[in-house]
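One structure below.
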Amino acid sequence: MSLLEIENATKLYPISGGLLGKEKQLCALNQFSMNLEAEPASITTIAGESGSGKSTIANLVLGFTSLSSGSIRFRGKDVNKMSSAELFDYRKNVQAVFQDPFGVYNPFYRIHHIFKMAIKHFKLATNKQEGRDLIEEALNVVGLRGEEVLEKFPHQLSGGQRQRMMMARAYMIRPRVIVADEPVSMVDASLRAAILDVMLKMRDQQGISFLYITHDLSTAYQIGDRIFILYQGNVVESGDTVAVIDQPKHPYVQLLIDSVPAPDPDENWGEQIDVPDEEETRFSDAIGCRYLGRCPQKTDLCASKAPILKPFSSGSPHQVSCHLYD
Amino acid sequence: MLKRKSISNPWLNTPLICGVLVIGIILTGTLVGHLYWDTEMAATRSAPLNLPPYGFENMRKQEGVIEHPLGTTNSGRDMLSVMLVGTPATMSIGFIAAGIGMLVGIILGFSAGFYGGWWDDLVRLLADTTTTIPALAVLIVVQSLFRVEVNTMAALIALFYWPGPTRYIRAQVLTMRESGYVKMAKLSGAPERDIMFKEMLPNLIPYLAASFIGNTSGAILTAIGLEVLGLGPTRMPTLGVTIYFALEAAAILRDMWWWWGLPTLMLILIFMGLLMINVGLDEVSNPRLRKAS
Amino acid sequence: MGGLTIQYVLRRFGIFLMTIWLASTVIFVIPRLAPGDPIQAMVSRMTQSAGYVENSEKIVEGWKERFGLNDPLHVQYVRYIKNLASLDLGVSLAMFPTTVKEVVGRAMPWSIGLMSISLVLYFFIGNLFGALLAWKRTPSLAKIAISISMIFTSIPGILCAIILIYLFAFNLDWFPFTGSFERGMQPAFTWEFISSVIYYGILPALSVVLVTFGFWTIGMRGMMVTVEGEDYMIFGQAKGLKPFYLLYRYQVRNAILPQITALAFSIGSIVAGQILVEAAFAYRGMGGVIVAAIKDIDYTVIQGTSFILILITATSVLILDLIYPLIDPRITFQKN
Amino acid sequence: MSESSVQKTLQVRDLKVYYDTPTGDIKAVDGISFDVHKGECLGIVGESGCGKSTAAYGILRLVQHPGKVAGGTVEVDGSNVSNFSEEEFRKIRATKLALIPQGAMNSLNPTMSIGAQIRDLILTHSGSSARAQLKERIDGLLRKVGLPLRVATMFPHELSGGMKQRVCIAIGIALNPSLVIADESTSALDVVVQRIVAQTLKNVQREMGVSMIMIGHDMGLMAQMVDRIAVMYAGKMVEISPTREFFNNPRHPYSKVLIEAIPSLKERKPLKLVEGITHDPRNPPPGCIYQLRCPFAEDVCRSKPPVWQQLKKSHQVACHLIKDEDHVAA
């Protein structure tokens, strides 16, 4: 049975249309569907540049924004139709780790506040000692010790420590899914591995699945199982992470992967490219392919009809949304 | 770049300490004074008329007496008693009005910022509108019909001192609503009540304090305005009312400086004390100001 | 660049009308919320202060007629708003049959004149001093002098007025106690008259300026310090721009914008403070009118003057709001 | 080629930048020395808080309170600018020493049009005689960084991050400086735009033959952009090496960590975990600054700070573990 099912999730934002006052809708996410199986636990990457809609997915799954259309189901139950008890259960089972490891700590409280809050509301422990043990065990998983960190204020710790503690907090709650929204992009490169490693451990040892939301294809390549690549609210390509990144099909994904600077002076970037400045094409009334403005391989069809996501070759899990492969 | 929070306590800055000391001394001084001085003499005809303070002479060569060390008015009020009664009365107008304003601000600001929608629009419109109404102009009309006493006057003044805190709290709630720690609290199953009062409110404390003090000062200012125009409370010789009587009786021309001068001096001290507290609180909530000084 | 969007202008106009409507409604409602009959209260106060009021019958009748107190409340309210909308402020009770419009109309130029001059002065001085306090290159002696000059900040203007009267009119006899120009002089565009107006206006203007500019100094200093930490200031330095140019074109230009917003929000209290100072100097402006009206218990004049004050405030705020987008290129950004 | 035959655009010796805190100075930059040769692009890498940006701002004398330049000399084109007065130094800013800040940040004055922000730079340094060809110069600069000319009349908030970054590049190179310092210039941009802007920057630098310091944390970007790489750790410079040599043969243990930490897009490898204990910056340990994190630390590392060693292939490193056979003959 599937654990988390997202079906045709769409998020529209109204924007005012300037002087004429004609209302337009900005489409932050368009018809996004994915399915997370309960077994085996996996890391699903949702990748894209800023404005691609990847954070919208995180906010939708976490219930911070509401869907314009489509549905999100947890263990078969529509999240929008849950009773408050079911919602509370969903909360406990779907946790998150955010990008900014500083902003998630209320500057007014000591570090232990984030742990105690979760213990209190989710009733994870019956007494103080039990709670203390829970925290200690969770910190252990990420390689920290309670006495080093719990009584401190957030600004007294390093970014890596703060982010590992967020991982520990999520672990302590024992959810089934963790939405990891850019968990390493504000952490120094040499400390990233520690956090990615915790993710792998939690997947393999605790059976916790991840929605790994990132702009960084390389880390996704290292730890991800499945990947969805978004462009302006649409999935342009999806499939097994290694397959997609080794052999990208969509012109955008090709450009994206090609643009990641290789850490090797002998492997050059190639010629200077020039793409027109990104235009806002996310309006809900836009027709045609969103990548039209930048695509070097566009045809007339691309302007008049939006491509749909379909398997690259029949039966293949590698899907692409581009008229080149019709 | 390296950024470290300074270890020194931001609340212990010079302007804040000075301001608190000034206001503290005034408040405790008048309270202690009530214990040792007969404040009944603040009423008319309880002392000889027009006496100067002890050690001075008035224009008619009368000398001040120790029984009335700060002199008396032309209606026989003992100035020391007037000061002891008037000072806390004046300050209480400010505190009551600012307190009501703050309470309303917290309720409206939180509800508007948290729930948004039409309620937010309405609160914002009302707040924007009320800020631009000159309080004094409205209160003059009201007071000229009905002369109310101190507490009612404070409540009326409070009508104009809620938009400041409301607007600020609303804006902060909107920002904090998107903040990581509020999201974390939501993810930890914290109820809305906790999010508002345990996560958001504590971070607003320095501002709320500054706004309370600023509004206290503003409310006293408005009250003084009404009083000096002759629209103050009739039964309580507040500092403003005393100045009004003095001006009415041409105390400046008669060189009865103690009559108008003492309440004026006291008010200046109160306003300066409040301003210093405010400047100090600004430094608490704006770290950049701290390092610049 | 910049410019006004229609939504922005409409919203500002909406607030303008709301302000006036809300304030007038408060003036209408609160007296009626109180127990008792406002007319009865007025008359009893008049009798109290005058012992006997000539024409009291007639006045009460005039009042009843004016307020139509026998009509239902909503009819009264509609008539009241209608009268205000057509600027029909009624007839003075004390100076019958002069209309309130005439009384206020005579006073308004004085108030607006004094207010604009002192506003320009303290806004300019305050921001200048604030900028100098925050600037690293200002000599420390100047900084100390500025700090000392701020001693009157925050005290009510009327107290400052009393002190100035005591010092400069009573003790030193440098300036007149009260009035707007020399008694007996006929208002005319002569040098004599104008210099008299200036001479009489110095103390009132000074009272307002002395107590007010410090607020702008404190605010400006805070904004300057905030702007100083911005990246564009560091980049401006990296461009090798001259310090003074950097100060006024980068730092002050950006720091002053919130100050202008603040100005719009403080017009209400500025007007109030001004009225009181005028009252202290028995100036011919609206403050003087109000003091006289309060003494005479001239309710229609009090009400009319207050309404005009509200109108002036709302208009000033509207003007500032409409000017603002022209000086801040970012204001139209909100639509994105 | 020998060291002396190369023309130096910039020579930094023993630069120190300290931050004043109530509990003692933080040595953000603690005595670093390096050169930038004419026409060369030097990359300075390191993790957050290592002092790489602070070093750049130290060279430019733009360290903000409570930081201060606490020592060292800076020579530009052979003349020592460290004892220049404020006014003398102001005149060489942008004309000799220029900065390209992070454009995605608030680096452009929000109340001035882009054209005006280029104009004030030119007029300040070239005087009013420059007024005649002002428009052509501004247009030329915009063209050079690949921006449409209408950008001159636009305000910063109307531009995208990539466009703002290009404006910053245009301002940085406007007066043909001897050296430009690009501080994390492309870090905040999306990867495609980052590539375009980085390539623009590289092309402009090559065309003008200007020397450049690029400060950043993205090793991949450095591999693409710079001729030599300098690594900083906790305020010290630990290694300087030509780029190719650096990636092929990193010598300092910390450099190895940095290179190993780069996630690859070519092959899936097990994650390399490193211990992340850092010292209190107010109270650095005696000896090598990296000892707490170094898996190879020996007794000598805990007592004696390592000296700067000259290795083959213009490779320099500060580490006790480097054996003698690698040294160039003295």
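In what follows, every chain begins at residue 1, and chains take the letters A, B, ... in the order their sequences are listed. Model, not experiment: these values are computed from the prediction.
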Legend entry - Choice from A261(D), P263(D), G162(D) maximising heavy atom contacts with chain A below 4.5 Å: P263(D)
Inset, instruction - Find the one option among D218(D), V226(D), L271(D) whose heavy-atom pairs under 4.5 Å with chain A are most numerous. - result: L271(D)
Residue [X] versus chain A: region with a heavy atom under 4.5 Å:
X: V257(D); answer: side chain
X: L265(D); answer: both
X: M222(D); answer: neither
X: E260(D); answer: neither

Legend entry - Contacting region of I223(A) [heavy-atom separation from chain D under 4.5 Å]: both
Legend entry - Contacting moiety of L256(A), where chain D heavy atoms sit under 4.5 Å: both
Quick check for you: to the nearest 0.5 Å, what is the distance between [X] atom [atom1] and [Y] atom [atom2]?
X: I262(D); Y: S218(A); atom1: CD1; atom2: OG; value: 9.5 Å
X: K266(D); Y: E267(A); atom1: NZ; atom2: CD; value: 4.5 Å
X: D197(A); Y: K272(D); atom1: CG; atom2: NZ; value: 13.0 Å

Legend entry - Within residues 200-207 of chain D, residues adjacent to chain A where the heavy-atom gap is under 4.5 Å: T200(D), N203(D)
Inset, instruction - Taking all heavy atoms of S264(D) and all of Y221(A), pick out the closest pair and write down the distance. - result: O-CD2, 3.3 Å
Measure from the side-chain N and O atoms of [X] to the backbone N and O of [Y], and report whether any donor-acceptor pair falls under 3.5 Å.
X: E47(D); Y: L191(A); answer: no
X: Q222(A); Y: E267(D); answer: yes
X: Q224(D); Y: A262(A); answer: yes
X: D190(D); Y: E49(A); answer: no

Legend entry - D258(A) with R195(D): basic N within carboxylate O range, under 4.0 Å: yes
Inset, instruction - Answer yes or no: does atom CD of Q247(A) have more than 12 heavy-atom neighbours from other residues, nucleotides or ligands under 6.0 Å? - result: no
Inset, instruction - Not counting sequence neighbours, which residues clear side chain to side chain contact (heavy atoms under 4.5 Å, CB included) with N248(D)? List them please. - result: R244(D)
Inset, instruction - Show your reasoning for whether side chain to side chain contact (heavy atoms under 4.5 Å, CB included) applies to R268(D) and V242(A). - result: CA-CA 8 Å; R268(D) 218 165 171 153; V242(A) 175; 3.2 Å; yes
